[in-house]
Amino acid sequence: MNEKVTCFIPFGTKEETEITINELIKSDLTAAIYVVGGDAELDAEGVTVLTSETLSHGKTIHAIAEKTDSEYVFIYTKTSALTLGQLALDRFMKVAKDTNSGLVYSNYRAIKDGVVENCPVIDYQEGSLRDDFNFGSVLFYDAKVLKEAVKDVDTSFRHAGLYELRLAMAARSEFMRIPEILYTEEELDTRKSGEKIFDYVDPKNRAVQIEMEIACTEHLKRIGAFLAPKFDNVAFDEGNFKVEASVVIPVRDRVKTIEDAIKSVLAQKANVDFNLIVVDNYSTDGTTEIIQKYAAVDNRIIHIIPERKDLGIGGCWNEAVAHESCGKFAIQLDSDDLYAMKPLCRKL
């Protein structure tokens, strides 16, 4: 293999795709360009349509590995036009080479409704499994590691191929974030983050989520981190609990959302006694006062401020379930979520 880059981009519109192609052609490092998921004729020499499958398909990931004959692989995950910064490919390659990283990614700019915004990304956390971790839309891989990692990618996956590749890469190499803006893209989904956050539970995305869970489970098995779902029988009639069920809300500085979260719990109709335990992790924005207001008029609300000041969500959860007022069953509600207005408990 040579010190060049094989590029793979998804087909958008003919115009958008050709803009991205022309950006890649400008660099002497570009060895070949493959278009994924489209069969339209493109006005560019040396560009090949790789497959009609999507970029996230397992077959596509295997095809990428097979077609790569260079030291590095460039994958652009969006269909909108991409503009690369000056010597962006050179910068990706230098960082990948100097750090010996399997995957390199960077900050970027996004054009949203005609407005350009800087979009910084964060360092990858070792062991992170979330499938929506934001690497940006440009992924720069070490081809040698990719060709090894692709062995773990299931060709039957229609949606989780790229995610499974990322997990397999993470098991074999380090990831490196470049804290520089190296490209600009047009943001097609201009909804607010609060509107996007629940896409993963949208019924139309169920098939996607199931595949993601399968890919994650198989990854955990491969690295020896899978815990089989084996549980001891629970004696539900043991113990002396003040209520049957508790809703737990860990919270810190959520003044804009905590009131609605509390109200959504109190509005539930249940055929068992339940309470609400709010673990207030030293809020300073008025969240504490809102909790106190509701706790003063409804004895179902247990307001806890932990002694420790270094607790995260897990630590706050532990405070709640260890509290004497916690019920036999406990369920967590995030401080920016709401319960639908339907029975909380039907039959326990």
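From a predicted model like this one, the values you see are computed outputs, not experimental measurements. Index from 1, following the sequence.
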- How are the rings of Phe236 and Phe329 set relative to one another: parallel (under 30°), tilted (30 to 60°) or perpendicular (over 60°)? parallel
- Task: Give the ring-plane orientation class for Phe8 versus Tyr34, where under 30° counts as parallel, over 60° as perpendicular and anything between as tilted.
- Result: parallel
- Before accepting this row, confirm whether a basic side-chain N of the pair Arg300/Asp298 lies closer than 4.0 Å to the acidic partner's carboxylate O. yes
- Full working for side chain to side chain donor-acceptor pair (under 3.5 Å) between Ser246 and Asn275: CA-CA 5 Å; Ser246 291; Asn275 62 17; 2.6 Å; yes
- Query: Does Arg222 come within less than 4.0 Å of Glu164, counting only side-chain N to carboxylate O?
  - Reply: yes
- Message: Please determine whether a side-chain nitrogen of the Lys or Arg among Lys78 and Glu186 lies less than 4.0 Å from a carboxylate oxygen of the Asp or Glu.
- Response: no
- Message: With a 4.0 Å cut-off on N to O distance, would you call Lys293 and Glu289 a salt bridge?
- Response: no
- Message: For Asp285 and Ser283: C-alpha separation, side-chain torsions, deciding distance, then whether side chain to side chain donor-acceptor pair (under 3.5 Å) applies.
- Response: CA-CA 6 Å; Asp285 66 344; Ser283 297; 4.7 Å; no
- Task: In sequence, state the C-alpha distance, the side-chain angles, and the governing distance for Val95 and Ser101, and then conclude on side chain to side chain contact (heavy atoms under 4.5 Å, CB included).
- Result: CA-CA 8 Å; Val95 172; Ser101 298; 5.7 Å; no
- Query: Aromatic ring centroids of Phe133 and Phe135 under 6.0 Å?
  - Reply: yes
- SB check Lys97 Glu3 (cutoff 4.0 Å): yes
- Item | Side chain to side chain, Leu182 and Val138, heavy atoms closer than 4.5 Å | no
- Task: Tell me yes or no: between the side chains of Tyr294 and Glu259, is some donor less than 3.5 Å from an acceptor?
- Result: yes
- How about Asp152 and His219: does a side-chain donor come under 3.5 Å of a side-chain acceptor? no
